[in-house]
**Student:** 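Dropping a structure here in structure tokens format, bear with me for questions.
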Amino acid sequence: MGIRPSTNVRFRATSQISDQPSADVKSICRVILHAMPTRTLFILVVTLTVVTIALAQVKTFTPVTQKILENPSPNDWLMFSRTYDAQRFSPLGQINKQNVAQLRLAWERGMGAGQTETIPIVYDGVMYVVNPGAVVQALDATNGDLIWEYKREAPPNVAAQGRTKSLAIYQDVILYTAPDSYVVGIDARSGKVRWETKADTRGHTSGAIVVEGMVISGGACAGNRANCYIAAHDALTGKEVWRFYTTPAPGEPGDETWAGAALANRLASTWGLPGTYDPAHKLIYWGIANPMPDQRSARHAGNPDAVSRTAPADLYSNSTVALDPASGKLSWYYQHLPADDWDSDYTHERTLLRTRVNPDPKFAKWINPDVRRGEERDVVVTVGEAGGIFVLDRTTGQFLWATPFPFDAPEWVISDIDVKTGKTKINWDLVFKQPGERHTICYWNTRSYWPTAYSPTTNSLYVSYIDNCRDLTLAGPQGRGGWKVVPRPGSDPNALTGLAKINMATGEILRFDVGRAPGNGAVLATAGNLIFHGDMNRRFRAFDAETGKKLWETILGGNTSVSTITYAVNGKQYIAVMTGDNLKVPELAAEFPEIKTPRGHNAIYVFALP
């Protein structure tokens, strides 16, 4: 792996930064002054002003330690879902059910054109955010003024496709997974690059977390099994520490689940949201996406039945993997869908929480009979893009309970789960056996790279969902094949979208904000007993976390894209949300044409009490 320095940085100043030029810059400017004709003096004055501003940086900075990451200040938002457990719960309660209706816009800042699927982080009053076009900015979190800006030198077509989901922070370094497949360490004070390390041609559509001084990240594979890995790099130097390949090579553990498939056909990416970390159990939890090529027959020389219909099959696709952070070695895995046939991802965050395990058969379809009812357990929870709620013991990976989500349907990708072992069974009726076949598969991006939230106050997971399926035709003698998004057969056309409050003890679901406005914004839970969420119809709302009642609403300039966080500066709580384009907007806009979501309105909106 090549590590190299870089200085491709642009800087601007705000009132929070130091604007004193260095002695070297002053000397250079004096040389320019003596050499310059008098008639260009005005230009020189402007130039000198820019040079002075260009050396601005954050005045004071306290390094972010491992201890801070494990127990952050309520004022800060240090990773994609605030804490290692990905709960997206903020202890801030200044904004609450009683006063949320008074929220007002505190500041707004435009962003560059392009895709935005990212979540900002905030530390000590400074917001660090990725802009479209491979740009990282540091902003004054109280007013949006620019402190510094780093623009990555990447080919325009590569920079424009940047889809990194989050930044990370450690000591005084901002960690950025750039679209040209570099992991980059940026000085948090100045925006200057400390180091950059090439991660093959992995394709960085995910993000990173920092664990024990290592920046852990995944990627999109970019069509090559050599790129399909989770990697750890030293957060201060960029040196690679370990990598975990998401599929086994011949002779490695798990190879038998591929039935001799060619290595080139053993792909499974980590393109979505990053993983989580349990400091007590010393385990990293990461979600791995679908196997590629997408169809069983394409991976297995035309034979869809070459591998098992029951897990494990085509490991470690569509699995939760628990890794040792020191070595990257596998501790345990659980496969949510064996040898997928439809591009049905079970990637994205794994939420860690502690709960009584008392699933009610009225709400949970599959329950392990060996689990003692009412017992408190440390669990890992996930909801897949293809639907379904899975609850596992996070120490061992033991299956506890699962249920279809958002609804039980015969078109769901899973037909059964062995409740004692937790082994899932693929819905064989929907697997493509011959070219030209057509099936409707549920679900299709019922949730995707917009994270869920958990409130310990209600012991509930909050998930935005879309009651969508995929009408998929395999290429055959009659044509090329293709697909489109369709509502679930038998669904209510006026109730295709909503938020679900899922009780983590019993599995009971309360649905609210039900309608026809799909959301691809992150869910946020706060100690004010509030849930925040935005949708494609430009509505950004606050709900009562207990009842789901709408308590506040505002209209933004565009689609809420991932993003939503809260933080505090100088005793004042803020709620931040970003609007903009992402890959799902055109797909969903075709299904909900009445919404007419504005395109190209990329901006940050921040709200606070008067």
Side-chain angles (χ1 to χ4, degrees), residues 1-25 50-66 68-69 72 76-80 118-131 133-141 144-154 159 162 164 166-180 182-199 204 207-211 213-217 232-240:
M1 299 296 99
I3 304 174
R4 70 188 191 199
S6 176
T7 56
N8 178 34
V9 188
R10 297 202 306 263
F11 306 93
R12 298 187 182 95
T14 77
S15 59
Q16 288 196 12
I17 53 181
S18 170
D19 59 359
Q20 294 303 310
S22 70
D24 289 342
V25 172
V50 174
V51 171
T52 301
I53 294 173
L55 295 176
Q57 61 181 8
V58 177
K59 274 186 175 180
T60 59
F61 192 93
T62 302
V64 178
T65 62
Q66 178 64 31
I68 290 174
L69 290 173
D76 297 328
W77 194 281
L78 300 183
M79 56 192 80
F80 76 102
T118 194
I119 302 165
I121 60 174
V122 176
Y123 178 59
D124 199 18
V126 178
M127 177 184 289
Y128 300 92
V129 63
V130 178
N131 262 244
V135 173
V136 178
Q137 293 177 333
L139 307 176
D140 181 331
D145 286 348
L146 183 65
I147 299 174
W148 55 253
E149 180 178 275
Y150 162 69
K151 182 171 177 59
R152 182 99 187 133
E153 276 189 357
T164 188
S166 68
L167 296 166
I169 187 170
Y170 181 68
Q171 296 292 343
D172 59 349
V173 182
I174 301 297
L175 290 314
Y176 171 45
T177 48
D180 57 355
Y182 278 85
V183 182
V184 185
I186 303 170
D187 189 307
R189 296 180 178 89
S190 66
K192 294 181 179 178
V193 172
R194 294 279 192 84
W195 56 263
E196 55 181 32
T197 300
K198 183 74 169 172
H204 284 158
I209 60 172
V210 176
V211 174
M214 295 176 291
V215 53
I216 318 292
S217 64
H233 294 86
D234 187 297
L236 300 182
T237 67
K239 181 180 179 181
E240 185 176 297

**Student:** Residues two or more places apart in sequence or in another chain: which of them pass salt bridge (Lys or Arg N to Asp or Glu O under 4.0 Å) with Asp187?
**Tutor:** Arg194
**Student:** Taking all non-hydrogen atoms of both residues into account, name the closest pair between Tyr128 and Val58 and its distance.
**Tutor:** OH-CG2, 4.4 Å
**Student:** Going by side chain to side chain donor-acceptor pair (under 3.5 Å), name the residues that satisfy it together with Thr118, two or more places apart in sequence or in a different chain.
**Tutor:** none
**Student:** Got a second to check how far Gln171's CD is from Leu236's CG, nearest 0.5 Å?
**Tutor:** 6.0 Å
**Student:** Measure the shortest side-chain to side-chain distance between Lys151 and Asn131 over non-hydrogen atoms and say whether it is less than 4.5 angstrom.
**Tutor:** no
**Student:** Residues in side chain to side chain donor-acceptor pair (under 3.5 Å) with Ser166, at least two apart?
**Tutor:** none
**Student:** Do His204 and Thr164 have side-chain heavy atoms sitting under 4.5 Å apart?
**Tutor:** no
**Student:** Rounded to the nearest 0.5 Å, what's the gap from CG on Asp76 to CE on Met127? Could you check?
**Tutor:** 11.5 Å
**Student:** Any sub-3.5 Å donor-acceptor pair from Trp148's side-chain atoms to Val136's backbone N or O?
**Tutor:** no
**Student:** Once ring pair (Phe, Tyr, Trp, His ring centres under 6.0 Å) is applied, do any residues pair with Tyr123, and if so which ones, sequence neighbours excluded?
**Tutor:** Phe61
**Student:** So among Ile209, Leu167, Leu69, which one has a side-chain contact (heavy atoms from CB on, under 4.5 Å) with Leu78?
**Tutor:** Leu69
**Student:** If only atom types and distance count, is the side chain of Asp140 paired as donor or acceptor with the main-chain N or O of Ile147 below 3.5 Å?
**Tutor:** no
**Student:** Taking the side chain from Lys239 and the backbone from Thr197, do they hold a donor-acceptor pair closer than 3.5 Å?
**Tutor:** no
**Student:** Do Val184 and Tyr150 come close enough that some side-chain heavy atom pair is under 4.5 Å?
**Tutor:** yes
**Student:** Looking only at heavy atoms, which two atoms of Trp77 and Ile119 are closest? And how far apart?
**Tutor:** NE1-CG2, 4.3 Å
**Student:** The criterion is side chain to side chain contact (heavy atoms under 4.5 Å, CB included); which residues satisfy it with Met214, sequence neighbours excluded?
**Tutor:** Ile216, Ala232, Val241, Trp242
**Student:** Which heavy-atom pair separates Gln57 from Ser190 by the least distance, and what is that distance?
**Tutor:** OE1-CB, 3.6 Å
**Student:** Ignoring hydrogens, what is the shortest heavy-atom contact between Gly144 and Leu139? Give both atom names and the distance.
**Tutor:** O-CD2, 3.8 Å
**Student:** Which heavy-atom pair separates Tyr176 from Ile186 by the least distance, and what is that distance?
**Tutor:** CB-CD1, 4.1 Å
**Student:** Locate the shortest heavy-atom distance separating Gly185 from Val173; write the atom from each residue and the value.
**Tutor:** CA-CG1, 3.6 Å
**Student:** With a 3.5 Å distance limit and no angle check, can you tell me whether Trp195 reaches the backbone of Val183 through a side-chain donor-acceptor pair?
**Tutor:** no
**Student:** What's the verdict on side-chain contact (heavy atoms from CB on, under 4.5 Å) for Ile169 and Val210, showing C-alpha distance, side-chain angles and the deciding distance?
**Tutor:** CA-CA 7 Å; Ile169 187 170; Val210 176; over 6 Å; no
**Student:** State, yes or no, whether a side-chain contact exists between Val193 and Tyr182 at a heavy-atom distance under 4.5 Å.
**Tutor:** no
**Student:** Evaluate the side-chain proximity of Val215 to Tyr170: yes if any heavy-atom separation is below 4.5 Å, no if none is.
**Tutor:** no
